[in-house]
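Indexing begins at 1, ligand by ligand and atom by atom, following the structure's order.
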Amino acid sequence: MIEVLIVGSIGLDDIETPFGKIINTLGGSAVYSSIASSFFAPTGIVGVIGEDFPKEHMDLIERRRIDTKGIEELEGKTFRWSGKYEFDLNTAQTLKTELNVIENFKPKIPEEYKNAEYVFLGNIDPELQLSVLEQIKNPKLVVSDTMNYWIESKREKVMEVINAVDIALMNDSEARELFKTPNLVKAAKEILKLNSDYAIIKKGEHGAVMFTDNKHFSVPGYPLEDIKDPTGAGDSFAGALTGFLAQTKELNDSNLRKAMVYGSVLASLEVEGLGVTNMDFITQFRIKERFEEFKEIVKF
Ligand code: AMP
């Protein structure tokens, strides 16, 4: 039985950073986030792949014991994204987005996923996010993410998603773009006005901030000397946050703060390698060790 249900993209990425280039690598928001979530709770993916999706990529997902019954294969090509980072690793420059099979995807949730209590609507077409959410019977917690591509093409639907979730999560640049303000506190207030209980703004290597109506909490990024590739950091953050909350089963202030720290822990472990590959080597021991380091970092 899965506890966390994740919908998002499953793709083939070409990534260029100042430290290297990889092509046709396993990527997608659902991949990074479900791997991160799987360290905390049984996780299943809803997503779509094309006929060209390599078997070894599916093997990596299955090695993490992620339930793949919700992955559908359609005729045609898998989603493809290519991006480039300059020395400022906080902003990816999208070179190419090919939606391919995502364009014809009509998610049908396997019967046993319908009782999932924790749902992460990862970055994908907001209409697909809404269609998945409609099929879940009685979720306890729904978290969402998005990106500029969807804000620019389906702004109203992105707003509808935020209106339907408990925690809306997005990058700082996306929050500024969506709410047309340079100020992140104002952007967070707009998210909260849209009926979300929590707004979480991710700030790349500088960590993340969580806002509620009357409080906020900041978690720093882990000070890494060797960041190889930031792709997937935001998805890993979100997957770990949702997975940890599913593990604790109790949504209170203390657990939410810990979930933010676990998000930052997984994001920092993920960016130490190119692409998704080094997520294969993350262990519970390394997660615990870095979590303890965070306690030291924020103590005063
Ligand atoms: P992140 O670095 O966490 O923002 O996410 C990177 C992942 O998002 C990559 O592996 C891409 O395959 C995926 N991605 C890029 N553009 C889109 C998009 N428009 N919709 C869904 N996923 C995307």
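For ligand 1, the atoms lying closer than 4.0 Å to a non-hydrogen atom of T231 are 2 (O), 6 (C), 9 (C), 10 (O). Residue-ligand proximity, G232 to ligand 1, at heavy-atom distances under 4.0 Å covers atoms 1 (P), 2 (O), 3 (O), 5 (O), 6 (C). Ligand 1 places these atoms under 4.0 Å from at least one heavy atom of G234: 3 (O). Those atoms of ligand 1 with a heavy atom of S9 less than 4.0 angstrom away are 13 (C), 21 (C), 22 (N), 23 (C). For ligand 1 and G27, the ligand atoms under 4.0 Å from any heavy atom of the residue are 10 (O). Within ligand 1, counting atoms from 1 as listed, the ones closer than 4.0 Å to a heavy atom of Y149 are 19 (N).
Residue pairs meeting the ring-ring contact (aromatic ring centres under 6.0 Å, His included) criterion with at least one partner in residues 218-272, sequence neighbours excluded, are F40-Y262, Y222-F294, F244-Y262, Y262-F291. Among pairs with a residue in residues 11-23, none fulfils side chain to side chain donor-acceptor pair (under 3.5 Å), at least two apart in sequence or across chains.
The protein non-hydrogen atom at the shortest distance from atom 16 (N) of ligand 1 is M147 SD, 3.2 Å. Nearest to atom 21 (C) of ligand 1 among the protein's heavy atoms is N123 O, 3.1 Å.
Heavy atoms of G11 come nearer than 4.0 angstrom to ligand 1 in no pair at all.
If you take CZ on R176 and CG on N148, they are separated by 13.5 Å, rounding to the nearest 0.5 Å. Here M279 contributes atom CE and I61 contributes atom CD1; the two are 11.5 Å apart, rounded to the nearest 0.5 Å. Summarising the geometry, atom CG belonging to N255 is positioned 4.0 Å from atom OG1 belonging to T248; distances are rounded to the nearest 0.5 Å.
Listed for the T78 side chain is a donor-acceptor partner under 3.5 Å among the backbone atoms of G50.
Closest heavy-atom approach to atom 19 (N) of ligand 1 among the candidates F79, Y32, W150: W150. When the heavy-atom distances from atom 4 (O) of ligand 1 to L128, I124, D235, V271 are ranked, the shortest goes to D235.
Heavy-atom minimum distance, L224 versus S268: CD1-O, 3.4 Å.
Annotation: cation-pi geometry not satisfied between R286 and F281 (NZ/CZ under 6.0 angstrom from ring centroid, within 45° of ring axis).
The closest side-chain donor-acceptor pair between N183 and T181, if any, does not fall under 3.5 angstrom.
Between T97 and ligand 1, no N or O atom pair is found at a separation short of 3.5 Å.
Under 4.0 Å from ligand 1, the heavy atoms of D13 that appear belong solely to its side chain. Only the backbone of A233 comes within contact range of ligand 1, with a heavy atom under 4.0 Å; no side-chain atom does.
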